[in-house]
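One structure is given below, encoded as structure tokens.
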Amino acid sequence: MAAIEIKIINKSANPLPEYATSGASGMDIRAALEAPIALQSLERVLVPTGIYMEIPEGYEVQVRPRSGLAIKHGLTCLNTPGTIDADYRGEVKVILINLSNEEQVIHDGDRVAQLVVQKVEQAQWLETASLGETARAGGGFGHTGKQ
Ligand SMILES: O=c1ccn([C@H]2C[C@H](O)[C@@H](COP(=O)(O)OP(=O)(O)OP(=O)(O)O)O2)c(=O)[nH]1
Ligand SMILES: [Mg+2]
């Protein structure tokens, strides 16, 4: 299990992100707000979380939407999955967009997204004049049909 150093501002109002169930992939992360945010239809906002972390080399943290917010309220992460780089030391923020037709209000402590810790590798390019052959070759974008 990966251990990640975390610094959290205003912990009493905003506990650590946590797995809601024992088998969950993501830890729910909460908004850290001084006042509620009213988000109009199609409006986007950068939601602070009060959380700073030191991710070990070889890992990243993804910021993903929560399905309940998406289906019930039309709220999703605009840049999904958001990427928290291992060398980032700033505040983790969530870019939410309101895709519903109504105003949506975000309150302090609302679970606005989930964090997924992933192993990640950096690659280097090996430039070549020819690539290995495959049955797919250049086919894509639905070339195998719809059904
Ligand atoms: O949902 C997100 C996405 C990113 N970040 C922070 C952590 C990440 O390491 C940094 C940069 O993110 P990204 O690389 O996606 O954005 P960029 O537009 O490429 O910015 P930069 O030029 O700073 O890399 O912003 C967040 O807090 N939340
Ligand atoms: Mg970047």
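Whatever order the structure lists them in is the order used to number ligands and atoms, beginning at 1. FYI, side chains are in, hydrogens and waters are out, and symmetry mates aren't considered; it's all heavy atoms of this structure. Sequence positions, counted from 1, serve as the residue numbers for this chain.
Against a heavy-atom cut-off of under 4.0 Å, Gly82 is close to the following atoms of ligand 1: 1 (O). For ligand 1, the atoms sitting less than 4.0 Å from at least one non-hydrogen atom of Thr83 are 3 (C), 4 (C), 5 (N), 7 (C), 8 (C), 9 (O), 12 (O), numbered in the order shown with element in parentheses. Ligand 1 places these atoms under 4.0 Å from at least one heavy atom of Glu91: 27 (O).
Remark: minimum distance from atom 6 (C) of ligand 1 to any protein heavy atom is reached at Tyr88 CZ, 3.7 Å. Here the protein heavy atom with the shortest distance to atom 14 (O) of ligand 1 is Asp85 OD2, 3.8 Å. Among all protein heavy atoms, the one lying closest to atom 28 (N) of ligand 1 is Lys93 O, 2.7 Å.
By the rule that hydrophobic residues join a cluster once side-chain heavy atoms approach within less than 4.5 Å of another member, Leu96 and Leu46 end up as members of separate clusters. Hydrophobic clustering places Ile8 together with Met27 (ILVMFWY residues linked when any side-chain heavy atoms are closer than 4.5 Å, directly or through intermediates). A continuous path of Ile, Leu, Val, Met, Phe, Trp and Tyr side chains, each step under 4.5 Å between heavy atoms, connects Leu115 with Tyr88, placing both in one hydrophobic cluster. Linking ILVMFWY residues whenever their side-chain heavy atoms come closer than 4.5 Å, directly or via other members, leaves Val105 and Val94 in distinct clusters.
Protein heavy atoms are absent from the space less than 4.0 angstrom from atom 23 (O) of ligand 1. The protein does not reach atom 19 (O) of ligand 1 closely, with no heavy atom under 4.0 angstrom from it.
Electrostatic pairing of Arg30 and Asp110 does not count as a salt bridge here, judged by no charged N lying under 4.0 Å from a carboxylate O.
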Query raised in the report: When you look at Leu75 and Ile97, which way does the side-chain contact (heavy atoms from CB on, under 4.5 Å) test go after all the steps?
Result: CA-CA 6 Å; Leu75 287 170; Ile97 185 163; over 6 Å; no

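At least one heavy atom of Val92 lies less than 4.0 angstrom from ligand 1. The shell of residues lying under 4.0 angstrom from ligand 1, judged by heavy atoms, includes Ile84.
Of the heavy atoms in Asn79, only side-chain atoms (C-beta onward) come closer than 4.0 Å to ligand 1.
The one candidate from Val117, Ile51, Val92 that meets the side-chain contact (heavy atoms from CB on, under 4.5 Å) condition with Ile84 is Val92.
Side-chain atoms of Gln118 and Glu60 include no donor-acceptor pair closer than 3.5 Å.
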